[in-house]
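Just the heavy atoms: all of them, side chains too, but no hydrogens, waters or symmetry mates, feed the values below. Atoms within each ligand, like the ligands themselves, are counted from 1 in listed order. Only a predicted model underlies this, so the values are computations on that prediction, with no experimental measurement involved. Positions are given from 1, in the same order as the sequence printed here.
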Amino acid sequence: MTDDAPTGLAIALEPLVTRVLAGNPSPFTNSGTQTYLIGTTDLAVIDPGPDDADHLAALLAAVGERPVRAILCTHTHRDHSPAAPTLQAATGAPIIGCAPLALDDAGPRADASFDTGYSPDQVLADGEQVAGEGWTLTAVATPGHTSNHLCFALEESGALFTGDHVMGWSTTVVAPPDGNMAAYMTSLDRLINRPQDRIYYPAHGDPIENPHRFVRGLAGHRKQREGQILRLLEQGVGEVSAMVERMYVGLDPQLYGAAGRSVLAHLIDLESRARVAAEGEGWRLRA
Ligand SMILES: [Zn+2]
């Protein structure tokens with residue numbers, strides 16, 4: 001986490017892209033959520049962020065008199081979408097983007113980290129676009145971190161807004177049941193196979209300027225984690241908490257729960273490939 005984060009300032013990153021940092025730093029958000037304004041004469045806003053009065057005032061100051069054509073959300077975690085209705089009330093812009101989660105179909109999905117009030121005016125399917133003067137954003141479906149995660153590609157500049165799918169400061173939490181490791185790995189491949197992307201702007205952390213090499217590194221890291229889990233199972237370490245202690249030496253204790261969810265996500269993925277099975281409180285290798 002950086003101490004000198006420019007919270008509330010509108011910072012131009014390239015002609016069509018301006019960033020405003022929200023004041024919600026935490027072990028899960030780095031210095032905070034980064035909201036992006038797209039366009040010059042009219043705008044789209046990507047990931048309006050937490051419903052925080054200071055952040056909304058900073059966004060409205062950055063928007064000025066310009067019309068907002070769309071409020072886009074990459075996914076519905078509470079640090080990304082809750083400001084959407086407040087920004088809508090202030091600008092009249094439609095909320096367009098990721099789907100709401102079906103929170104009522106599985107108890108554990110009604111997780112405290114989800115924005116259950118999210119209600120889009122229009123859901124973008126993979127490949128669908130929203131455009132303004134001199135800018136076109138295309139939805140790139142990237143489930144894994146959440147089942148409804150979208151990245152947005154700015155066609156005119158080769159920038160990809162990666163939300164929490166690929167971040168510039170930390171690996172992504174993949175927490176079942178909504179988070180899905182197999183889907184996440186497929187969504188990493190999806191980005192590796194998009195040569196048109198020149199730079200990533202994540203919701204948390206610095207811009208990523210070598211995006212394809214970076215994503216290959218992330219995929220390799222997850223493969224290493226999977227290998228560690230299989231070796232621990234070979235040694236008879238079958239409980240998630242015991243695996244986290246051995247795999248994440250020196251981790252901030254506040255992140256132990258999230259690390260455990262990511263280990264569980266690997267185990268569920270391995271189970272779906274018939275490599276492991278649940279047994280009692282833990283897991284074992286399948287013969
Ligand atoms: Zn998230």
K.L.:
Can you find a heavy atom in the side chain of Phe152 that is under 4.5 Å from one in the side chain of Ile38?
P.N.:
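The answer is no, as the side chains (C-beta and beyond) never meet within the 4.5 Å cut-off.
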K.L.:
Before you tell me yes or no, could you show the steps for Asp42 and Arg69 under salt bridge (Lys or Arg N to Asp or Glu O under 4.0 Å), namely the whole-Å CA-CA distance, both residues' side-chain angles and the distance that decides it to 0.1 Å?
P.N.:
CA-CA 7 Å; Asp42 63 357; Arg69 301 290 177 214; 2.8 Å; yes
K.L.:
Among the N, O or S atoms that His77 has, which is closest to the Zn ion (ligand 1)?
P.N.:
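Result for His77 and the Zn ion (ligand 1): ND1.
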K.L.:
Is the distance between the Zn ion (ligand 1) and the nearest N/O/S atom of His149 smaller than 2.8 Å?
P.N.:
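So His149 does not count as coordinating the Zn ion (ligand 1).
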K.L.:
Give the name of the N/O/S atom in Asp164 that lies closest to the Zn ion (ligand 1).
P.N.:
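Result: OD2.
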K.L.:
Do His149 and His77 have ring centres separated by under 6.0 Å?
P.N.:
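His149 vs His77: aromatic centres not under 6.0 Å.
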K.L.:
Parallel under 30°, tilted from 30 to 60°, perpendicular over 60°: which one fits the rings of His204 and Trp169?
P.N.:
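If you compare the ring of His204 with that of Trp169, the planes turn out perpendicular.
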K.L.:
Taking both backbone and side chain into account, is any N, O or S atom of Asp79 nearer than 2.8 Å to the Zn ion (ligand 1)?
P.N.:
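Given the 2.8 Å cut-off, Asp79 does not count as a ligand of the Zn ion (ligand 1).
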K.L.:
Any N/O/S atom from His145 (main chain or side chain) under 2.8 Å of the Zn ion (ligand 1)?
P.N.:
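An N, O or S atom of His145 is closer than 2.8 Å to the Zn ion (ligand 1), so yes.
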K.L.:
Could you please spell out the steps behind the ring pair (Phe, Tyr, Trp, His ring centres under 6.0 Å) verdict for His75 and His80?
P.N.:
CA-CA 7 Å; His75 64 299; His80 290 260; 4.1 Å; yes
